[in-house]
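The block underneath contains the structure these notes are about, expressed in structure tokens.
Protein chains get the first letters and strands the later ones, always in sequence-line order, with residue 1 at the start of each.
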Protein chains: 2
Amino acid sequence: MLAAVLQIRDGALNVLLWQRAMEPALGRWALPGGRLGASEDVQSSVSRQLADKVDLREVAHIEQLGVFSAPDRVPGRRMVATAFLGLVPCDADPAVPSDTRWHPVAALPDTAFDHAAIVRDAQDRLRAKLSYTNLGFALAPAEFTISALRDLYRAALGHPVSATNLQRVLARRGVLVPTGRTAASGPAGGRPAALFRFAEQRLRVTDAFAVLRPPSGEPGLDGAPGTRRSASDLVHPVVT
Amino acid sequence: MLAAVLQIRDGALNVLLWQRAMEPALGRWALPGGRLGASEDVQSSVSRQLADKVDLREVAHIEQLGVFSAPDRVPGRRMVATAFLGLVPCDADPAVPSDTRWHPVAALPDTAFDHAAIVRDAQDRLRAKLSYTNLGFALAPAEFTISALRDLYRAALGHPVSATNLQRVLARRGVLVPTGRTAASGPAGGRPAALFRFAEQRLRVTDAFAVLRPPSGEPGLDGAPGTRRSASDLVHPVVT
DNA sequence: TCAAAAGTGTTCTAGCTACACCCATGG
DNA sequence: CCATGGGTGTAGCTAGAACACTTTTGA
């Protein structure tokens with residue numbers, strides 16, 4: 001049970017790591033996690049661990065990444081880990097313990113075991129889902145300007161994003177709603193920016209898949225709701 | 001460790017189920033699976049189980065679906081299962097043991113535990129990936145006509161598929177290659193169909209994501225290979 | 001010559017990107 | 001009045017759906 005908790009800080013994507021105080025891998029940085037309790041499922045467990053161990057309660061979204069199970073991934077004893085992606089809004093500043101710290105994913109320190117691969121998977125998942133879901137809600141504050149949002153997307157995606165087009169794409173999909181209010185101008189002047197919020201705070205697949213879709217207005221053979229991209233999509237046949 | 005192995009049979013998507021001979025859920029139909037060995041990862045383990053227990057070796061693709069861990073999912077004792085999707089080409093006719101049988105996923109019998117939900121997840125995953133990857137290779141025989149392929153897609157997707165457009169979409173993406181040969185005409189005549197094969201027999205994401213993509217020809221900020229949809233994409237926050 | 005099945009050519013459209021241009025504010 | 005940042009209008013592009021039409025076979 002491991003969590004790659006991501007947050008945008010200072011314009012870059014960061015991950016929360018904890019410095020190991022025990023062998024194996026003493027002193028190296030590792031993802032927070034713990035063991036599954038008897039009366040909880042993996043998702044509740046990981047949320048609980050984050051609250052208990054690193055005092056992190058502002059996780060806006062959490063989802064499974066997959067099971068990492070190479071027999072030798074942890075030297076010494078067999079450890080099978082279920083990895084999660086967690087996202088924290090950029091305006092949250094949780095007081096984490098002294099042995100944990102945020103690290104830019106672009107410049108990870110010396111990490112324990114296969115945790116660097118897990119972080120890479122988490123980043124890939126985030127990038128993919130930002131494109132076809134409303135997942136931005138989990139990175140953004142409750143209210144924000146389009147350019148602030150653009151900066152978050154840029155940091156998460158790793159490439160320039162046009163505020164103009166971001167606005168329109170998200171608006172067309174019904175993901176963003178205007179609050180009617182505006183932010184104050186900056187010190188150098190400039191038109192005050194309108195404030196927006198996300199319409200929902202739960203993951204929704206917003207971009208129905210254009211490819212091989214059922215004939216327009218068709219019910220489908222089995223009454224299924226058409227071939228929209230489901231909220232489940234994954235798995236890297238890679239690391240295991 | 002459970003596998004939802006899917007195959008198209010008689011124009012419908014089927015799943016391999018095994019009838020339980022023990023309590024709990026005696027007599028109900030369940031997904032094949034078993035326990036993880038000490039020196040294998042989950043993926044090798046599930047492949048091994050399929051070969052050992054149901055003599056199934058023709059699995060063309062296998063991938064993780066996720067971890068199912070509701071504390072009460074199996075009455076009696078705590079069971080956490082890692083579920084997999086497996087695909088068998090439609091021309092394989094593996095000799096499965098007498099207590100296992102293929103069942104249409106559209107009309108599942110009385111299934112044990114949460115296995116019906118796992119089958120639903122497997123079907124969703126298959127439908128999604130057929131659209132944006134070359135995953136068809138795992139359902140199709142080595143060589144096939146476009147209309148045979150169309151029938152496979154229709155069965156898997158659950159809605160009508162146009163052979164014309166299927167051809168063009170897959171050809172443009174470089175997924176299909178013509179073999180140069182043709183199939184014989186049917187008894188009622190008709191033009192003989194050209195035979196094709198899949199260019200690759202490994203999963204590849206073919207449909208680079210159109211949305212929020214980096215500005216054309218841009219390298220990206222961190223040297224990452226652009227925001228293509230990664231081969232990892234999933235997880236239903238639903239069942240766990 | 002006709003029916004059946006395969007394959008091609010062409011039009012239409014959704015959903016983006018790109019970019020020029022207009023708006024509101026502070027100094 | 002001008003620099004600065006926000007917002008809109010619009011053209012163009014790409015990938016795929018829809019559908020009419022042509023091709024190749026067997027009877």
What's the shortest heavy-atom distance between A:Ala138 and A:His61, and which atoms?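 Closest heavy-atom pair between A:Ala138 and A:His61: CB-CB, 3.7 Å.
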
Compare every heavy atom of B:Pro89 with every heavy atom of B:Ala140, then report the nearest pair and how far apart it is. O-CB, 3.5 Å

Look at atom [atom1] of [X] and say whether more than 12 heavy atoms of other residues, nucleotides or ligands are closer to it than 6.0 Å.
X	atom1	value
B:Arg57	CZ	yes
B:Arg9	CZ	yes
B:Arg204	CZ	yes

Start with the C-alpha distance between B:Asp41 and A:Val67, add both sets of side-chain angles, then the distance that settles side chain to side chain contact (heavy atoms under 4.5 Å, CB included), and finish with yes or no. CA-CA 9 Å; B:Asp41 60 40; A:Val67 173; over 6 Å; no

Let me know, please, whether A:Ser185 or A:Ser162 comes out on the 5' side of the other along DNA chain C by nearest nucleotide.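 This one resolves to A:Ser162.
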
Starting from [atom2] on [N], measure out to [atom1] on [X] and report it in whole angstrom.
X	N	atom1	atom2	answer
A:Leu170	C:dC16	CG	P	10 Å
B:Arg172	D:dT14	CZ	P	11 Å
B:Leu157	D:dA17	CG	P	11 Å

How would nucleotides 1-11 of chain D be written as a contact map, 5' to 3', with B for base contact, S for sugar-phosphate-only contact and - for no contact, using protein heavy atoms under 4.0 Å? ---BBBSBBB-

If we fit an axis to the first five pairs and another to the last five of the helix from C:dT1-D:dA27 to C:dG27-D:dC1, what angle do they make, to the nearest 10°? 20°

With rounding to the nearest 0.5 Å, note down the distance linking CG in B:Asn134 to CZ in B:Phe198. 7.0 Å

Sequence neighbours excluded, the answer for side chain to side chain contact (heavy atoms under 4.5 Å, CB included) partners of B:Asp151 is B:Arg154

